[in-house]
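Comments concern the structure below.
The structure presented is a predicted model; accordingly, all values stated were derived computationally and were not measured. Protein chains get the first letters and strands the later ones, always in sequence-line order, with residue 1 at the start of each.
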Amino acid sequence: MIVDVSAEVLENVRLSPEFNVLSLAAPAVARLTRPGQFVMVRVRPGLDPLLRRPFSVFEILRDDAGQPRGISLLNKIAGVGTGWLYRAEPGTRVDVLGPLGQPFAPVDPPAEAWMVAGGVGLAPFATLAEALALRGTSMTLFYGARTAEALYRTDLFERLGARLSLSTDDGSRGAHGRITGPLEQALDALDGRPVTIYACGPTPMMRAVSALAAHRDAPVFVSLEPVMGCGMGGCYSCVVRVQAGERGRFVRSCLEGPVFDASTLVWEALPAGH
Amino acid sequence: MIVDVSAEVLENVRLSPEFNVLSLAAPAVARLTRPGQFVMVRVRPGLDPLLRRPFSVFEILRDDAGQPRGISLLNKIAGVGTGWLYRAEPGTRVDVLGPLGQPFAPVDPPAEAWMVAGGVGLAPFATLAEALALRGTSMTLFYGARTAEALYRTDLFERLGARLSLSTDDGSRGAHGRITGPLEQALDALDGRPVTIYACGPTPMMRAVSALAAHRDAPVFVSLEPVMGCGMGGCYSCVVRVQAGERGRFVRSCLEGPVFDASTLVWEALPAGH
Amino acid sequence: MRDLTVQIGSLRLTNPLIAASGCFGYGVEYAGAIDLSTLGGVAVKGLFLAERDGHAPPRIVETPAGMLNAIGLQGIGVHRFVAERLPELRRLGATVFVNICGSTIDEYCEVARVLSDAEGVAALELNISCPNIKEGGLQFGCSLTGTHDVVSAVRKVTSLPIIPKLTPNVTDVASFARASEEAGADAVSLVNTFLAMAIDVETRRPKLTNVLGGLSGPAIRPIAVRMVWECAQAVKLPVIGMGGIATTDDVVEFMLAGATAVQVGTANFVDPFIWTRLLSGLDTYLERHDIGRAADLVGALDLGHPEPA
Amino acid sequence: MRDLTVQIGSLRLTNPLIAASGCFGYGVEYAGAIDLSTLGGVAVKGLFLAERDGHAPPRIVETPAGMLNAIGLQGIGVHRFVAERLPELRRLGATVFVNICGSTIDEYCEVARVLSDAEGVAALELNISCPNIKEGGLQFGCSLTGTHDVVSAVRKVTSLPIIPKLTPNVTDVASFARASEEAGADAVSLVNTFLAMAIDVETRRPKLTNVLGGLSGPAIRPIAVRMVWECAQAVKLPVIGMGGIATTDDVVEFMLAGATAVQVGTANFVDPFIWTRLLSGLDTYLERHDIGRAADLVGALDLGHPEPA
Ligand SMILES: Cc1cc2nc3c(=O)[nH]c(=O)nc-3n(C[C@H](O)[C@H](O)[C@H](O)COP(=O)(O)OP(=O)(O)OC[C@H]3O[C@@H](n4cnc5c(N)ncnc54)[C@H](O)[C@@H]3O)c2cc1C
Ligand SMILES: Cc1cc2nc3c(=O)[nH]c(=O)nc-3n(C[C@H](O)[C@H](O)[C@H](O)COP(=O)(O)OP(=O)(O)OC[C@H]3O[C@@H](n4cnc5c(N)ncnc54)[C@H](O)[C@@H]3O)c2cc1C
Ligand SMILES: Cc1cc2nc3c(=O)[nH]c(=O)nc-3n(C[C@H](O)[C@H](O)[C@H](O)COP(=O)(O)O)c2cc1C
Ligand SMILES: Cc1cc2nc3c(=O)[nH]c(=O)nc-3n(C[C@H](O)[C@H](O)[C@H](O)COP(=O)(O)O)c2cc1C
Ligand code: FES
Ligand code: FES
């Protein structure tokens, strides 16, 4: 089921000049959301901007009795819409349509789950980590960012029992360099243990993860972030190429994704990303 | 001189479900404004709504030292722009361009000044009353509204020494009926005293005032409120017909008005008003 | 509820609201958001005879109060549509308008034949106005003889109502409505999108892979209303109006200008629940104005010397 | 400051920013907001030979990201303009583009003659594209021979640069640019407004007294950019682009599409101080991209297979 709610902004925690976590009163959406699903957000009334913006559901917010009362978004300023959501004050409202898209399938023990996040690509993993924790699946968050300050909300994942493997471009926290470094080392140390990898971040990163894992026969599921006009399968704007026949074919990532088995994608046809 | 300032909303006093007084930090505009002038307000960023909206400067706000620190607007909800200004929270900003247009010429003693206001037509008279008070001109505010509750801020005028003559459509305060009733009685009781009349309100009211006064040779200045696209003389949207030759001619009310000598207007050509 | 039915040729619609082609997938995608049988109609995505890949992304770009698209008519082809989607649409009770395309007149006719033989198609909308593809589309839609030829050829092969969809990218759209009428169309629909482009000033490249795209959304509404008005005066055929409809007032505006029914495209992207709001809004409007039937709005624009407003 | 100068035929502009006709009064109205000599040019309100009353209000209506206008070319006529406004414009150092209108070819020529004899006119913009008046305007602008005839007639009576202003209300705007080039124009400017309408659904009357009006503003920008791009490829003449420009990026977008200079109309209503912002924005853009001259932007759209963006 898909709902559209006019959600009050409950809280806006600015993590940096670029990132914030926006809490929204949207119990109906919160109740329905499965790990890795997204919502389409109309950032303000009126016709400018016209279209909604897609956002992963970051956290499911719960009241003291554990009942879903809303969702949060991990928002990174990219332009006008994300700029509004960065500045949104508590009390204002945004329209939230969802939940949408194919969720992650959380893997069961004894397989391990590795989540590989680059920057704002952390967003879909909080819901996945919750689901994994419920199943008792052992999990690791590989998380890379530019600097130590840009590694956000690792506490959420630690609380759910995830191991952390961090990296920063400047070496200020964790490994120095891209997150694919620690990932490759971990893969080399696997020693036959089964692992399922989930990745979200810049396209080149996801592609690299996919290549690394393919060598080791580890399944990889990526969450893509193409431009989306509707999120409902109506417009055919969000297509990505999947393997089929000689040339492959375009499928709508709002319906058949945003989560894809990395091995089914035609990576060359994916926009390099934003 | 005309300035454009991004003015912070200092205070928003909602007088009724329809009317509010919005205080704006715009010292540069406040310093320059003369009685009855207006400003063009961009109610929010973005392209919807696209155009600015014209508003009379209601009060000149002053700090404790008497220095102009801003202006207020008397706003009545008419549509999308005025709706935004009704809801605007302190701390948000609106762009204010002005001051614009021909001001009222405040009359000197021994002539009396009568201000005739219908509804939101009260707006341009607070600045006029200030100027009249400075000159020591004796003044009366004729002010009509639907009900007693819709007669706003009469305190402002009393404080400046104006006599009040009120009317309400339902008789809940002042005379019962239109404000033209008390006005006509006052005109009949003039007994040769010189009076200058200033009127602002619905077009039929201003026209009636103009007709009443013409019989008694009292000059009438009206402040018109046509649709205005630019407020600067650029677009020719705001024209009203003034007498000239056989058919009259269109003049721009943002430049040659909004204040007009009522006897120069071709009333038949004026839109009946909103 | 007032009487919202309207008549398009032999076709009676329960109300004037039709989902616009290309903006509603194959209809089935929206079954979760709206009961398709409550719509006047569902115009499905443009179909060629064969499957089509469409253009490489990026395929859309947002513009002030509008958007550009260059989807390139990705589609499953008419045969798969009939086999895989139509049964579901019938089951859901949708009144199905199939938007048909062709690179040649023969292809239009072949697609029309296949659909005429299928069960559950209410009408054919002839897409002679897609600005985003090289073959077909504008090649017919921008030429009066091209328009006439396609329409009369399709007329010969089907008894379904045929509705040429006109492009706004012409000097005199009413002449295309007339050409359609003469060629035997049952109605015309307009507007398709305006040929447009957008450039990324940082990369100095077109924002769309296809360079050009079609502008839709509220931005174009005033032009679309004018064109619908012109066509409604030029022909006796019913006119289906569209272009930027997002509110009940917009629906009424198009009907007053002469549209018997309307389509909603871009606004459905922003709000897939728009349909119930528009339906109840229309009902409220009719009630407030004490108008018995939605059909009474059609062409009811009052041009009498406007009383100084 | 980078080199912002651009060349329109024999005319060198200090920068590519021109105030659009009908959106800047006679220029003098804005002298308090902007030093007119800092603009590339000022296109004054369209002038006929005689004074004109224009249409009865309401003359404008706001639309999504745009506006309709039906001013009806109210104006003081060319003689009063020369006597009463031109001297002031000269004093202010403005580069004056006079937008000229006519009900007949003779009237265009007569207006052109009067202006050629006057001091301080930099160029004539031939308004053959006003959608709001019955005589003149579109009657010439929507016909290739009409366009050719007006331009060549005016060409004979003036040595001032002449710039036909093209209407977007045609199927193939590039052919009108070509007709202008053949007839001896020095440049073309486009777009004028799109013929459009809006209806008040409460009164069921047109919102404009004139019923029809011209759509301008950001809403139309993507169509205008496409048309400028088409014209720039079709002719060797410089193209002056406009339609919805409101930001520096918009200016650059038009220049990349092929405009040598641009005009800003509707956005000036919203922000009369826009000019200094656009000028410094353009300078910053050139600096950031390490481009020496604004003129280097003209037509620099990169169509090379767009790298997957
Ligand atoms: C399924 C999905 C989940 C997403 N989850 C998140 C999330 O949790 N947090 C978050 O901050 N962002 C997320 N994004 C990206 C987010 O939707 C875009 O950043 C946003 O739409 C940009 O809107 P804007 O108005 O700020 O930018 P605009 O002003 O529209 O554009 C500014 C720039 O952003 C680029 N852009 C446009 N669309 C996208 C896009 N889909 N992705 C990336 N860049 C884009 C434009 O090309 C342009 O260069 C997600 C996207 C998808 C498809
Ligand atoms: C010189 C001048 C001074 C004014 N001073 C004040 C003031 O002090 N306080 C105040 O509340 N209003 C004032 N107005 C009127 C105010 O500008 C309009 O109410 C406002 O522009 C409507 O904008 P909107 O976005 O709310 O309405 P929209 O959504 O744009 O339109 C809603 C309705 O309002 C009508 N409308 C549009 N423009 C005007 C207009 N100029 N006047 C009246 N109705 C209009 C429209 O026709 C429509 O029916 C003044 C107008 C002028 C010209
Ligand atoms: C993404 C998109 C895809 C479209 N695809 C088609 C199509 O396949 N066939 C067609 O006739 N029109 C197509 N159109 C045009 C719409 O049906 C409609 O004519 C146009 O968008 C104007 O209406 P709107 O402003 O309500 O969107 C498409 C429009 C959009 C935005
Ligand atoms: C109120 C108004 C009046 C106009 N008057 C004229 C005119 O007299 N002559 C002319 O050639 N164009 C006229 N135009 C068209 C503009 O010059 C310009 O071509 C058009 O508005 C598109 O640019 P914009 O979107 O920047 O406004 C007018 C436009 C507006 C909005
Ligand atoms: S976003 Fe519209 S089909 Fe996927
Ligand atoms: S409002 Fe534009 S000329 Fe007066």
Beyond-backbone contact of Y236(B) with P57(D), side-chain heavy atoms, under 4.5 angstrom:
no
Quick one: what part of V240(B) sits under 4.5 Å from any heavy atom of chain D, side chain, backbone, both or neither?
neither
Applying a strict 4.5 Å limit to non-hydrogen atoms, the region of M40(B) in contact with chain D is neither
Compare all side-chain heavy atoms of V251(B) with those of Q74(D) and state whether any distance is below 4.5 angstrom.
no
Atom group of P64(D) that falls short of 4.5 Å from chain B, counting heavy atoms
neither
side-chain contact (heavy atoms from CB on, under 4.5 Å) evaluation trace for L50(B) with F269(D)
CA-CA 10 Å; L50(B) 181 67; F269(D) 297 154; over 6 Å; no
Tell me, for M232(B) versus chain D, whether the close heavy atoms (under 4.5 Å) come from the side chain, the backbone, both or neither.
both
Which bit of D4(B) comes within less than 4.5 Å of chain D, counting heavy atoms only: side chain, backbone, both or neither?
both
Contacting moiety of F24(D), where chain B heavy atoms sit under 4.5 Å:
backbone
Among G229(B), C230(B), G231(B), who wins on heavy-atom pairs under 4.5 Å with chain D?
C230(B)
Salt-bridge criterion met for E62(D) and R53(B) (N-O under 4.0 Å)
yes
Side chain, backbone, both or neither of L51(B) within contact of chain D (heavy atoms, under 4.5 Å)
both
Between E51(D) and R249(B), is there a salt bridge with N-O shorter than 4.0 Å?
no
Greatest number of non-hydrogen atom pairs under 4.5 angstrom with chain B, of G54(D), G32(D), P272(D), falls to P272(D)
With the side chain counted from C-beta on, respond yes when V227(B) and R59(D) share a heavy-atom pair under 4.5 Å apart, and no when they do not.
no
Max heavy-atom pairs within cutoff under 4.5 Å with chain D, candidates V239(B), L255(B), D48(B), goes to V239(B)
Salt bridge or not between R42(B) and D271(D)? Use side-chain N to carboxylate O under 4.0 Å.
no
Who wins among R247(B), R52(B), M1(B) for the most heavy-atom pairs under 4.5 Å with chain D?
R52(B)
